[in-house]
Structure formats: structure tokens, C-alpha cells
Amino acid sequence: MSAKLHRTSDHPLSPVPLADFKVGVDNVIFSVDTQQNRLLVLVVMRHDEPFAGYWSLPGTLVRQGESLEAAAYRVLAEKIRVNTLYLEQLYTFGGPDRDPRESPQAFNVRYLSVSHFALVRFEDAELIADGVSGIAWYPLAQVPQLAFDHNEILTYGYRRLRNKLEYSPIAFDVLPEVFTLGDLYQLYVTVLGEGFSDYSNFRARLLKLGFLQDTGQKTSRGAGRPASLYRFDAAAFEPLKEKAMVFI
């Protein structure tokens, strides 16, 4: 007996038009003000529509022949001068209607954002208001409503920053070359919040890991006992780089 194929409909479905994508990069640039113990994020004020007059993350559309990484570094170079920074790709945001320029009149143009995460040393950073109406460091807790979906991108970036502290030496990118254990502890408290670990436990576990080198020098601050100065030993950290930091 032969089988017959049956059409489920006499009217084939109309094909859904393919979207024409434009790709941008948006950078979540963090820094830590170690003098005032504040976690900061860099924002710029847009002077072009859409969202003219709104604060946003620094971003740009990718140019022809330009890689995503090159575009991310271009945004950095146009907004900030710094000697030391850490940059990595964060996440791609591409939900429908995330950009008001998406409309039927735009012939199905969609806007993707390949976000990047950066950490820079606050003391070294020089801000540049190139192509924007303003630029500023905002304490994370005081960031206003941003343009587009940039508050969502910022939340994702902050989550990544917290995670990076668990398994990478990223904290040492924003500390001076030599530092006290108190300096390092305060940086973690600033990013992670009070109560992530008590200082004595933090100090004991950190020294046990063996990637901090005692310089033999001490510093005096106020009336307290002079504190030892340490530096980060990258070679000693190498065997630990795939393991989570146990003091978090």
C-alpha cells in the first residue's frame, strides 16, 4: 500500500523578511576610587537622537572593515586616556525594539549591541568629551535611567565584575604596584559590599595562596602600626588561574 503525502494547507505561509542588522559596541567601563571607596562607571551624555540629552554607556556603530574589538578600543580611545586597562567582550544584546530607530520605515533594520567590559585605574584616567555633550564617572548606586537598554547592560557588566574578582587577578589592575592588604580588602568591600569576608579571614587565606610578594617595606597611615607593602606576583598566580579564589 502506498502512502500519500498531504499538504497541511492550500496556502503556504508567507516568508518572514530577514532583518538587516547594524552592529554596535557599548562599553561598560568600571573604575574604583580607592580614596573614597566608590565603585564608578563611565557614562556619556548623548547630543544626537535618539535619546539626545540622556546619559548612556560609551558606544559606537562598527565601521566597515573594523573588528568588534577594534571598535571597542576606538570608543575607549575617544572617551578616556589611561595607562592600564582590562577589556573583554561581555554579551550581545539584540532584542527587538531595543533601539527606537527600528521601525517599518527603516526597512527592517535591527540594532545589535556587542557589549564590552572594561576596568581602568581611576587615578590614571583622563576623560575626553569627544563627540558627546558630557562625560562623567557615576557611583554605581547613583546611575540614572540610561538611554536604550544600557541599564540592563550595566547590570550584566556589574555581575561580570563581581565574578571576575572570584577567579582572576583583575583587582591588581586598579591598585598601585605596591599596596597593603588593607588596600586590597577595601577594594573588594567596595565592589562586593560589606560582609563578603571579615578582614582576618581574608588576610589569612590570601597570604596562604602565595601570589603576594612582601616587599619588605612598610607604610604608616595615621596613628596605627605600620602596614607591610605587597606586590602581585603574576608567575606565582599562574597555577591558580583556573581556580576560584577561596577568600570570596
Side-chain angles (χ1 to χ4, degrees), residues 26-44 55-58 80 82 84-91 93 115-125 127 136-146 149-209 211-212 219 221-222 224 227-232 237 240-248:
D26 293 300
N27 290 348
V28 187
I29 305 173
F30 288 112
S31 192
V32 178
D33 178 357
T34 56
Q35 297 298 314
Q36 298 189 45
N37 300 321
R38 300 183 301 166
L39 177 60
L40 306 172
V41 63
L42 189 66
V43 293
V44 297
W55 291 105
S56 73
L57 299 174
I80 190 170
V82 66
T84 304
L85 67 86
Y86 175 90
L87 176 73
E88 70 173 40
Q89 193 173 125
L90 181 62
Y91 193 74
F93 294 81
S115 58
H116 287 70
F117 158 85
L119 184 65
V120 302
R121 184 174 294 167
F122 180 70
E123 290 78 10
D124 295 344
L127 303 186
W137 289 112
Y138 257 86
L140 183 64
Q142 299 174 21
V143 172
Q145 181 62 44
L146 302 176
D149 53 356
H150 287 189
N151 288 90
E152 180 183 356
I153 297 175
L154 174 57
T155 297
Y156 201 97
Y158 178 50
R159 190 181 308 135
R160 175 69 62 87
L161 174 61
R162 292 172 62 93
N163 290 340
K164 293 293 288 187
L165 286 177
E166 295 183 9
Y167 62 86
S168 82
I170 192 172
F172 304 104
D173 289 337
V174 295
L175 286 172
E177 182 181 357
V178 295
F179 49 85
T180 69
L181 292 180
D183 294 333
L184 182 58
Y185 178 73
Q186 186 58 59
L187 187 148
Y188 274 85
V189 169
T190 300
V191 175
L192 300 177
E194 298 286 347
F196 85 95
S197 174
D198 66 85
Y199 176 73
S200 296
N201 190 45
F202 176 88
R203 182 182 186 279
R205 293 189 177 187
L206 192 64
L207 291 178
K208 187 177 180 180
L209 290 171
F211 57 77
L212 294 184
T219 182
R221 297 175 184 171
S228 296
L229 289 169
Y230 293 84
R231 64 166 48 92
F232 173 65
F237 179 80
L240 303 172
K241 67 180 183 179
E242 301 300 331
K243 302 177 182 179
M245 295 289 201
V246 297
F247 54 85
I248 295 300

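Just the heavy atoms: all of them, side chains too, but no hydrogens, waters or symmetry mates, feed the values below. On a predicted model such as this, the values are computed, not experimentally measured, just so you know.
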Checklist entry - So, do Arg159 and Thr155 sit near enough that their side-chain heavy atoms are less than 4.5 Å apart? => result yes

Next on the checklist: Once you measure the plane-to-plane angle for Phe172 and Phe232, does it fall in the parallel (<30°), tilted (30-60°) or perpendicular (>60°) bin?
Outcome noted: parallel

Checklist entry - Any idea which heavy atoms bring His116 and Gln89 closest together, and the distance? => result CD2-CA, 3.6 Å

Checklist entry - Would you say Arg121's side chain and Leu175's backbone share a donor-acceptor pair under 3.5 angstrom? => result yes

Next on the checklist: Determine whether Leu40 and Leu140 satisfy the following criterion, side chain to side chain contact (heavy atoms under 4.5 Å, CB included), listing intermediate values before the conclusion.
Outcome noted: CA-CA 5 Å; Leu40 306 172; Leu140 183 64; over 6 Å; no

Item to check | Point-to-point distance, once rounded to the nearest 0.5 Å, from CZ of Phe122 to CD of Gln35 | outcome: 9.5 Å

Checklist entry - Would you find a donor on one side and an acceptor on the other, under 3.5 Å apart, between the side chain of Asp124 and the backbone of Val174? => result no

Item to check | Distance (rounded to the nearest 0.5 Å) between Asp26 CG and Ser56 OG | outcome: 7.5 Å

Item to check | Candidates Leu90, Ile29, Ile153 - the one meeting side-chain contact (heavy atoms from CB on, under 4.5 Å) with Phe117 | outcome: Leu90

Checklist entry - Is there a side-chain contact between Tyr86 and Lys164, using heavy atoms and a 4.5 Å cut-off? => result yes

Checklist entry - If only atom types and distance count, is the side chain of His150 paired as donor or acceptor with the main-chain N or O of Leu57 below 3.5 Å? => result yes

Item to check | Sidechain-backbone polar pair: Asp33 side chain, Gln36 backbone, donor-acceptor under 3.5 Å | outcome: yes

Item to check | Single hit among Leu146, Leu42, Val43 for side-chain contact (heavy atoms from CB on, under 4.5 Å) with Tyr138 | outcome: Val43

Next on the checklist: Using every non-hydrogen atom in the two residues, find where Leu181 and Phe202 come nearest and quote the distance to one decimal.
Outcome noted: O-CE2, 4.2 Å

Checklist entry - Below 4.5 Å, heavy atoms only, C-beta onward: do Leu212 and Phe179 meet side chain to side chain? => result yes

Checklist entry - Quick check: are there more than 12 heavy atoms from other residues, nucleotides or ligands sitting under 6.0 Å from CZ of Arg203? => result no

Item to check | Side chains of Trp55 and Val143 in contact at under 4.5 Å (non-hydrogen atoms) | outcome: no

Item to check | Closest non-hydrogen atom pair between Thr190 and Leu39, with its separation | outcome: CG2-N, 3.5 Å

Next on the checklist: Go through it in stages, so that I can follow the logic: the residues are Leu240 and Tyr167, the test is side chain to side chain contact (heavy atoms under 4.5 Å, CB included), and I'd like the CA-CA distance, side-chain angles, deciding distance and then a yes or no.
Outcome noted: CA-CA 8 Å; Leu240 303 172; Tyr167 62 86; over 6 Å; no

Checklist entry - Where is the tightest heavy-atom contact between Arg231 and Val178, given as atom of each residue plus distance? => result NH2-CG1, 3.7 Å

Checklist entry - Rounded to the nearest 0.5 Å, how far does OG of Ser197 lie from CG of Leu206? => result 10.0 Å

Checklist outcome for this item: Residues Gln186 and Asn37: closest non-hydrogen pair is CG-OD1, 2.9 Å

Checklist outcome for this item: In terms of heavy-atom contacts, Thr34 and Glu123 come closest through OG1-OE2, 3.0 Å

Item to check | Any donor-acceptor pair under 3.5 Å from Ser115 side chain to Tyr91 backbone | outcome: yes

Next on the checklist: Are more than 12 heavy atoms, taken from residues, nucleotides or ligands other than Tyr158, located less than 6.0 Å from that residue's OH atom?
Outcome noted: yes

Next on the checklist: Applying side chain to side chain contact (heavy atoms under 4.5 Å, CB included) to Phe196 and Tyr185, what does each step give before you reach the verdict?
Outcome noted: CA-CA 10 Å; Phe196 85 95; Tyr185 178 73; 3.9 Å; yes

Checklist entry - Are any of the side-chain heavy atoms of Glu194 and Val189 separated by less than 4.5 Å? => result yes

Checklist entry - Is there a side chain to side chain contact (heavy atoms under 4.5 Å, CB included) between Leu165 and Arg162 once you walk through the steps? => result CA-CA 5 Å; Leu165 286 177; Arg162 292 172 62 93; 5.7 Å; no

Checklist entry - With a 4.5 Å heavy-atom cut-off, do Leu229 and Thr180 have their side chains touching? => result yes

